[in-house]
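Remarks on the structure that follows.
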Amino acid sequence: MELSKNFDHRSAEEKWYRHWLEKKYFESNPDNREPYTIVMPPPNVTGILHMGHCLNNTIQDILIRRARTLGKNACWVPGTDHASIATEAKVVQMLREKGIQKASLSREEFLKYAWEWKEKYGGIILEQLKKLGCSADWSRTTFTMDDHYYQSVIDVFIDLYNKGYIYRGKRMINWDPKAKTALSDEEVIRKEVQSKLYYVKYFIDNNSGTGNEFITIATVRPETILGDTAIAVHPADERYKHLHGKFAFVPLINRRIPIITDEYVEMDFGTGALKITPAHDKNDYQIGQKHGLKVIDVLNDDGTMSEAALLYVGEDRFAVRKKIVKNLEENGFIEKIENYTNQVGFSERTDVVIEDRLSLQWWVDMKKIYSPALQAVLENEIKFYPAKFKNLYRNWMENIKDWCISRQLWWGQRIPAWYDEEGRFVVAKNEEEAKKIFQAQYSIANAQLKQDDDVLDTWFSSWLWPIEVFKGYSNPNNKDINYYYPTNTLVTAPEIIFFWVARMIMAGFEYKKQKPFGEVYFTGIVRDELGRKMSKQLGNSPDLLALIDKYGADAVRFGIMISSPAGNDLLFDVKEESTLKQGSFFINKIWNALKLVKMWSEKRSADISNQSAIFAVDWFENRLNEVKEELENLYTDFRLSEALKTIYSLIWDDFCSWYLEWIKPGFDEKIDSVVYEKTIGFFEELMQLLHPFMPFVTEEIYHQLKERKQGNDLIVAQISKAAIANKSFLAQAAFLKNAITAIRDARNKNQLKPKDTIALFIQTSQKEIFKNLQNILVKQVNADKFDFVDSAVANSITVVAGKEKFYLVTNKETDSTAQKNQLEKDLEYLNGFLASIEKKLSNERFVKNAKPEIVQAEQKKKADAEAKIKAIKESLKELENK
RNA sequence: GGGAGCUUAGCUCAGCUGGUUCAGAGCAUCUGCCUUACAAGCAGAGGGUCACUGGUUCGACUCCAGUAGCUCCCACCA
């Protein structure tokens with residue numbers, strides 16, 4: 001069949017992905033081979049593909065495909081996360097658009113809508129990953145709310161509760177007034193914002209009501225004044241000593257509050273006087289506890305003012321801030337207002353300002369379970385790439401705080417706690433169990449019990465991921481979990497090191513007594529060409545599916561991988577799409593090489609006569625081995641970007657630019673069939689090396705190169721072990737390339753056109769080597785005559801490459817000053833080089849202290865430099881004589 | 001406030017255990033080519049006091065200290 005002019009990515013991607021699926025190449029089952037396992041970080045079930053997923057999953061696919069070619073039993077488990085806050089928010093939004101308020105629905109009705117939504121839109125992202133070429137075992141797709149998974153999460157909760165690791169407690173939590181739920185500390189993002197610092201006067205009670213004396217406090221949140229229950233000053237602060245034990249009045253509402261002393265107060269910040277609002281600030285709460293202050297919660301759960309605020313009831317907190325400032329000003333309570341920059345917490349999911357709020361929630365006592373997880377990383381039982389994340393991890397683990405795991409949502413695993421009317425509770429699998437336990441515990445039969453309304457934090461389910469995707473918790477010691485666990489590599493973003501990675505390690509040790517994975521590869525953050533993080537808000541994330549359609553999945557994968565060094569951020573030029581273009585140019589290049597080689601299949605001859613071609617084959621074989629070894633090291637260190645660059649250069653430079661040109665038969669010539677077969681073999685190996693990065697085009701070319709038997713597909717073809725490269729072939733080729741480049745340069749500098757032929761003469765002491773290479777040399781520099789000489793050739797252009805001298809004779813006018821300049825420049829460099837070596841060698845301390853092999857190397861450098869200098873000097877002399 | 005990291009060609013980055021045939025790659029730039037695989041290409045070229053200042057060493061882009069700038073993470077100064 002005639003080869004198409006270009007690679008058609010659309011049809012090839014369709015064809016091969018379907019073929020791979022049909023052949024079940026992605027599916028894995030336990031067998032005698034060594035497993036290589038990756039669990040995919042589950043994307044949000046309602047998510048759509050963005051750059052981060054693309055990077056992440058391309059890397060995983062590369063590792064999985066590489067493992068497959070190395071003969072391992074590669075298993076990549078995909079799935080999705082129920083993502084309670086994000087998904088619930090989307091469903092609420094969808095309902096609102098339909099005119100339905102969540103509040104008007106029962107829990108069951110709401111969940112019905114949510115499941116419908118999940119069935120409809122859930123898993124779109126997995127389909128998109130297929131377009132990218134991901135070779136995950138789709139038959140193992142798991143969802144964090146699958147029955148077995150849901151039940152495992154519940155059982156884990158019960159287990160931890162029974163061990164005393166989970167408790168229920170009233171604490172200050174982070175409250176998201178939009179999602180109306182508690183958040184863990186990790187879900188709060190601190191941002192620097194421009195605020196105002198308001199200096200507010202509180203008049204002192206002079207025992208007969210308000211006097212003229214006042215104390216000024218500074219606050220950025222004047223609306224919380226309404227919840228103030230004290231003013232605190234530092235006990236040693238001379239300015240306020242006379243006020244100790246006195247009372248002041250809260251402006252506008254005239255609540256009488258005590259002036260207390262506490263060393264927590266910084267004397268030199270603001271006025272040195274601090275208003276205490278125990279209901280709305282973590283620190284104030286602590287001080288309040290200490291001093292037995294009242295807690296007045298002035299906010300509702302949606303961020304509006306509560307009845308307790310007395311003023312502005314029902315109005316939004318930010319509107320109230322403006323109003324109360326105006327009101328305070330009008331009544332003379334504001335002393336001054338300053339601009340002020342401070343850190344404010346925002347919700348990771350809804351991006352609204354978080355409120356500190358006192359609330360009864362469920363917590364995991366992290367101190368009880370973190371220790372083996374810390375050890376494992378510190379002792380490199382689990383290796384982090386790049387290693388710098390070890391410190392980060394350690395720091396967080398050593399200062400770990402309890403984990404708030406309850407969320408005031410419906411979408412998720414419902415907390416298995418049951419309460420009676422008096423608030424007494426038990427934790428149990430179901431109502432029946434709960435009743436039994438309740439009876440045993442409180443000696444009350446047939447109590448009316450009601451289940452907790454809240455669900456668990458999503459991460460409380462995803463921390464079981466590496467275990468429960470193999471049903472390792474719900475069905476312990478099954479064949480899969482025993483075979484695949486611990487998994488090999490986790491590929492994830494550094495942003496979720498605490499959310500997820502750390503907690504998975506804890507769960508792994510708690511429930512499998514073993515680490516969940518051996519190595520963690522943290523990818524970089526994808527940024528745009530201006531260095532901004534790609535995000536939905538900025539709208540700077542490109543439409544990946546459109547890019548895949550335009551450039552092909554291979555080019556997209558290339559574009560992402562070529563610009564992402566391990567652990568560094570990745571700058572992805574969306575505007576120019578430059579790396580994508582580079583990727584599709586590369587595909588085009590390989591395709592053209594295929595066309596060239598295919599053309600030769602008609603020109604084969606059994607006659608092995610071309611020594612130069614044989615040399616080229618020997619060289620390339622060794623070069624290939626050299627690169628294969630390099631690649632092994634690069635993969636071990638997860639330096640995938642460099643691995644791709646190495647393969648890219650091997651194919652483009654070594655194979656296309658040098659090798660194919662060297663063996664290319666002339667116009668009417670034939671190609672030795674041995675050389676031809678070898679070349680097809682090389683091409684195959686190159687495709688194999690490239691396959692993990694660019695699976696589609698490589699599979700297509702693999703099949704174009706030769707007729708393949710059923711089941712002989714590149715995706716499962718085994719890579720042969722690298723042999724040790726023969727250095728002498730490599731050195732000879734380097735020397736040959738060097739000579740060719742020098743001669744071509746000389747041709748250019750003398751304004752010879754590519755079509756102009758030359759006569760080439762070589763003055764060398766290594767004639768034997770050149771006899772082997774002469775066909776290549778002559779063709780590559782467009783010479784029509786070639787010979788060896790023992791002295792300079794008259795009227796020629798002299799080129800000195802290494803110790804050899806080349807003379808180019810042409811009928812064109814040549815400019816000897818250019819040559820002279822070039823030679824003089826080289827000479828100058830070499831003289832400087834030689835001088836530095838001589839200086840070094842004449843330094844006694846160097847000769848005495850340096851390693852012998854280094855000294856030897858320096859001596860060789862010296863000899864080489866001297867030989868070159870001699871050759872150049874001779875040539876310069878000859879030029880003078882002309 | 002604490003911690004980590006970065007600073008090498010116009011841009012994006014390599015440079016692992018210190019030794020001027022390692023100062024490199026890709027893109028961009030310049031020159032010449034529509035050569036029968038590829039102009040989405042070919043052949044060549046130019047371009048860097050390796051942030052700054054000291055120190056260790058026979059020798060430092062590479063190790064150490066400090067300075068400056070940038071980035072990220074953690075942290076309850078209102």
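Letters A, B, ... mirror the listed sequences (proteins, then strands); counts begin at 1.
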Identify all pairs in which a protein N or O lies below 3.5 Å from an N or O of nucleotides 32-37 of chain B, and state each distance.
from, atom 1, to, atom 2, distance (Å)
rG32(B), O3', K753(A), NZ, 3.1
rC33(B), OP1, K753(A), NZ, 3.1
rA37(B), O2', N592(A), OD1, 2.5
rA37(B), N6, E661(A), OE2, 2.8
rA37(B), N3, N592(A), O, 3.2
rA37(B), N3, A593(A), N, 3.3

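For RNA chain B, runs of at least 3 consecutive pairs of the Watson-Crick or G-U wobble type, with both hydrogen-bonding distances under 3.5 angstrom, map to B:1-7 with B:68-74, B:10-13 with B:24-27, B:29-33 with B:41-45, B:51-55 with B:63-67.
Residues I651(A) and L690(A) are in side-chain contact: their nearest non-hydrogen atoms beyond the backbone lie under 4.5 Å apart.
The gap from the P atom of rC13(B) to that of rU53(B) amounts to 25 Å, rounded to the nearest Å. Straight-line distance between the C1' atoms of rU8(B) and rC52(B): roughly 14 Å, to the nearest whole Å. Going from the P atom of rG5(B) to that of rC64(B) covers 10 Å, rounded to whole Å. Spacing of C1' atoms, rA25(B) relative to rA14(B), comes out at 7 Å, to the nearest Å. Taking atom C1' in both rU56(B) and rG15(B), the straight-line distance is 22 Å, to the nearest Å. For rU7(B) and rA51(B), the P atoms lie 8 Å apart once the distance is rounded to whole Å. Taking atom C1' on both rA68(B) and rU31(B), the two are 41 Å apart, rounded to the nearest angstrom. Nucleotides rG47(B) and rA9(B) place their P atoms 14 Å apart, quoted to the nearest Å.
Position along RNA chain B of the nearest nucleotide to N6(A) versus I837(A) favours I837(A) as the more 5'-ward residue. Mapped onto RNA chain B by nearest heavy atom, T741(A) and F585(A) fall at different nucleotides, with F585(A) at the one closer to the 5' end.
Taking the six-membered ring for Trp and the full ring otherwise, F498(A) and W396(A) have centroids separated by under 6.0 Å.
Using cut-offs of 30° and 60° on the angle between ring planes, the pair F269(A) and Y340(A) is perpendicular. Aromatic ring pairs are classed by plane angle as parallel below 30°, tilted from 30° to 60° and perpendicular above 60°; the pair F586(A) and W652(A) is parallel. Between Y393(A) and F384(A), the two ring planes are perpendicular [angle over 60°; tilted spans 30° to 60°].
Taking atom NZ of K779(A) as the reference point, atom P of rA43(B) lies 14 Å away to the nearest angstrom. In this structure, I590(A) atom CD1 and rG41(B) atom P are separated by 13 Å, rounded to whole Å. Nucleotide rC42(B) holds its P atom 18 Å from the CG atom of D745(A), rounded to whole Å. Atom CD of Q859(A) and atom P of rU21(B) are 14 Å apart (whole Å). Rounded to an integer number of Å, the gap from CZ of F683(A) to C1' of rC38(B) is 12 Å. In this structure, Q582(A) places its CD atom 10 Å from P of rG41(B), rounding to the nearest Å. A straight line from CG of N633(A) to P of rU17(B) spans 15 Å, rounded to a whole angstrom. At whole-Å resolution of the value, NZ in K645(A) and P in rU12(B) are 13 Å apart.
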Quick one, give me the B/S/- string for nucleotides 72-78 of chain B, reading 5' to 3', where B means a protein heavy atom under 4.0 Å from the base and S means that only happens at the primed atoms, P, OP1 or OP2. -S-BBBB
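Atom NZ of K862(A) is surrounded by 12 or fewer heavy atoms from other residues, nucleotides or ligands within 6.0 Å.
Within the 4.0 angstrom heavy-atom criterion, base atoms lie near K868(A). Looking at heavy-atom distances under 4.0 Å, W652(A) makes contact with sugar-phosphate atoms alone, never a base. As judged by a 4.0 angstrom heavy-atom cut-off over every strand, N588(A) is placed among the base-contacting residues.
For the ring-ring contact (aromatic ring centres under 6.0 Å, His included) criterion with F655(A), the lone passing option out of F683(A), W662(A), Y648(A) is F683(A).
Using a 4.0 Å cut-off between a side-chain N of Lys or Arg and a carboxylate O of Asp or Glu, K664(A) and E669(A) do not qualify as a salt bridge. The existence of a salt bridge linking R321(A) and E223(A) is confirmed by a sub-4.0 Å separation between a basic side-chain nitrogen and an acidic carboxylate oxygen. Contact check on E398(A) versus R394(A) returns a salt bridge, with a Lys/Arg side-chain nitrogen under 4.0 Å from an Asp/Glu carboxylate oxygen. The pair D185(A)-K401(A) fails the salt-bridge criterion, with no side-chain N (NZ, NE, NH1 or NH2) lying under 4.0 Å from an Asp/Glu carboxylate O. Using a cut-off of 4.0 Å between Lys/Arg side-chain N and Asp/Glu carboxylate O, D356(A) and R171(A) are scored as not salt-bridged.
Closest non-hydrogen pair, V800(A) versus A871(A), comes out as CG1-CB, 3.9 Å.
Contact between the side-chain N/O atoms of R639(A) and the OP1/OP2 oxygens of rG15(B) is found at a separation under 4.0 Å.
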